[in-house]
Amino acid sequence: MKFTQVSLHSLGVVLPGEVMSTAELEASLEPLYTRLKLPAGRLELMTGIRERRFFPATTLPGEISVESCRNALAAGQISREKIGCLIHGSVCRDALEPATAAGVHHRLGLSARCQVFDVSNACLGILNGMLQIACLIELGAIEAGLVVGSENGRSLVETTVAALNRDPSVTRQSIKDQVASLTIGAASCAFLLTHRSLSPGGAVLRGAAVRAHSAHYGLCRSDHDRAGGDFQPLMNTDSHELMVCGVETGVATLPDFLDATAWLPEQIDRTVCHQVGVAHQKLMLESLGLDPARDHTTFPWLGNTGSAALPVTLADAARTNLLQPGHRVALLGIGSGINCIMAGLNWGTVPVRQTIWSGPMQSSV
């Protein structure tokens, strides 16, 4: 996929106010750690994640997504009337139906002519939504669009801890399938994309590539399909195989990505990957032949925030001035399924508005 008319205009972020350290999480697993004689500090050593954040348990994803979209609109100073598509792209959603995007659309006061729908694709939903909006802009169907997602891993982490502590059959071997669930955090991000005529200084979308290696769809599975504030999932993940097969999928995608962007690997100034942990980051960049010094991470302090992980990390790199006008920025997304999306941006001036959540419409930080 090659693009000539699409800009990333602004970014809106909402982060939770509650912080849980990995040490605190391990303390909650004391019955399991004692029975299996597991050393404290093991989880942070394996993952590189020292803490994560959570939204309140009863907070619906759509509520948070409204604020992320408001942040993106305020940062970009684009009229709501110009938004021709709104996509909600996170795993977490308010209900099975209607689309979470419908409630977000209503509370934002967007036009009745705006397309409104959800996209679900594990950790790639927001990136999928970005490409869908980009295609609509490139075709001339809309002038601007919002894609947003809000993930809250609290229920998954709490349910996993409770299950591990009460199950006497858990062994040092079988616990490995639950480690990924203990890395999950929470965050929210919105991308505002526009036609280049509305964003002369924005980040220009050069191209993108996708690949599906769906033979590996069973490596990470949740056992429930329920939504809302009482969502209580459990997830089984073969973390090692998922990492190896995911990186293989990324390697297979790279030639198409370089063709779509007309870049050479050494011309990439910054990379932003899906945020899993230190082992995944190292293997991914080594396998792709990309310089780890040019990569930006948030997993040490946010954990894995699902579909919001890469977008929030991109926003953090922009907000802290790690991205400069003229930089070639590669977004390298991999999600269970296994699916891969890579997108390239010629960076410009992309404003970011970030808030800390303690309820809707909090002040910016």
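Hydrogens, waters and symmetry mates play no part in the numbers below; they use all other heavy atoms, side chains included. It should be emphasised that the depicted structure is a prediction, and the values quoted were computed from it without experimental measurement.
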I'd like to check [X] versus [Y] (side-chain heavy atoms, cut-off strictly below 4.5 Å). Are they in contact?
X: His213; Y: Cys245; answer: no
X: Phe117; Y: Ile87; answer: yes
X: Gln275; Y: Leu302; answer: no
X: Cys273; Y: Leu285; answer: yes
X: Ile133; Y: Ile142; answer: yes
X: Leu127; Y: Asn121; answer: no
X: Leu164; Y: Leu29; answer: yes
X: Thr100; Y: Ser65; answer: no

At their closest point, which heavy atom of [X] faces which heavy atom of [Y], and how far apart are they?
X: Gly333; Y: Leu124; answer: C-CD2, 3.5 Å
X: Ala309; Y: Thr305; answer: CA-OG1, 3.0 Å
X: Leu86; Y: Ala101; answer: CD2-O, 3.4 Å
X: Asn71; Y: Gly12; answer: CB-CA, 3.7 Å
X: Thr183; Y: Ala180; answer: OG1-O, 2.7 Å
X: Val148; Y: Ser68; answer: CG2-CB, 3.9 Å

Quick check: does any side chain N or O of [X] sit under 3.5 Å from a backbone N or O of [Y], one acting as donor and the other as acceptor?
X: His9; Y: Thr194; value: no
X: Arg113; Y: Glu81; value: no
X: Asp118; Y: Pro98; value: no
X: Ser174; Y: Val170; value: no
X: Arg196; Y: Val204; value: no
X: Asp269; Y: Arg328; value: yes
X: His105; Y: Gln115; value: no
X: Arg50; Y: Glu44; value: no

Do [X] and [Y] sit in the same hydrophobic cluster, where Ile, Leu, Val, Met, Phe, Trp and Tyr count as joined when their side-chain heavy atoms come under 4.5 Å apart?
X: Val210; Y: Phe3; answer: yes
X: Leu146; Y: Leu331; answer: no
X: Leu322; Y: Leu332; answer: no
X: Leu8; Y: Leu310; answer: yes
X: Trp347; Y: Leu193; answer: yes

Can you tell me if [atom1] on [X] sees more than 12 non-hydrogen neighbours from other groups inside 6.0 Å?
X: Arg172; atom1: CZ; result: yes
X: Glu97; atom1: CD; result: no
X: Glu24; atom1: CD; result: yes

Test ring-ring contact (aromatic ring centres under 6.0 Å, His included) applied to Trp263 - qualifying residues, sequence neighbours left out: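 With sequence neighbours excluded, Trp263 shows a ring-ring contact (aromatic ring centres under 6.0 Å, His included) to Phe257, given in chain and number order.
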Contacts of Phe299 that satisfy ring-ring contact (aromatic ring centres under 6.0 Å, His included) - sequence neighbours left out: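 Applying ring-ring contact (aromatic ring centres under 6.0 Å, His included) to Phe299 gives none.
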Stepwise side chain to side chain contact (heavy atoms under 4.5 Å, CB included) test for Ile175 and Leu32: CA-CA 10 Å; Ile175 195 178; Leu32 176 77; 3.3 Å; yes
Test side chain to side chain contact (heavy atoms under 4.5 Å, CB included) applied to Arg70 and Arg353, step by step: CA-CA 9 Å; Arg70 285 173 175 156; Arg353 179 180 168 91; over 6 Å; no
Hey, are [Y] and [X] close enough side-chain-wise for a donor-acceptor pair under 3.5 Å?
X: Thr4; Y: Glu138; answer: yes
X: Glu67; Y: Ser188; answer: no
X: Ser307; Y: Glu151; answer: yes
X: Asn152; Y: Thr59; answer: no
X: Thr298; Y: Thr313; answer: yes
X: Glu143; Y: His195; answer: no

Measure the [atom1]-[atom2] distance between [X] and [Y] for me, rounded to the nearest 0.5 Å.
X: Met20; Y: Glu158; atom1: CE; atom2: CD; value: 6.5 Å
X: Thr261; Y: Ile268; atom1: OG1; atom2: CD1; value: 6.5 Å
X: His88; Y: Ser150; atom1: NE2; atom2: OG; value: 5.0 Å
X: Arg319; Y: Gln354; atom1: CZ; atom2: CD; value: 4.0 Å
X: Leu182; Y: Thr47; atom1: CG; atom2: OG1; value: 9.5 Å
X: His296; Y: Leu323; atom1: NE2; atom2: CG; value: 8.0 Å

Met284 and Leu288: CA distance, side-chain angles, deciding distance, side chain to side chain contact (heavy atoms under 4.5 Å, CB included) verdict: CA-CA 6 Å; Met284 179 74 171; Leu288 295 176; 3.5 Å; yes
Test side chain to side chain contact (heavy atoms under 4.5 Å, CB included) applied to Leu283 and Val276, Val278, Val247, the passing residue: Val247
Test side chain to side chain contact (heavy atoms under 4.5 Å, CB included) applied to Arg52 and Asn304, step by step: CA-CA 8 Å; Arg52 74 280 292 136; Asn304 179 350; over 6 Å; no
Arg211 with Asp256: basic N within carboxylate O range, under 4.0 Å: yes
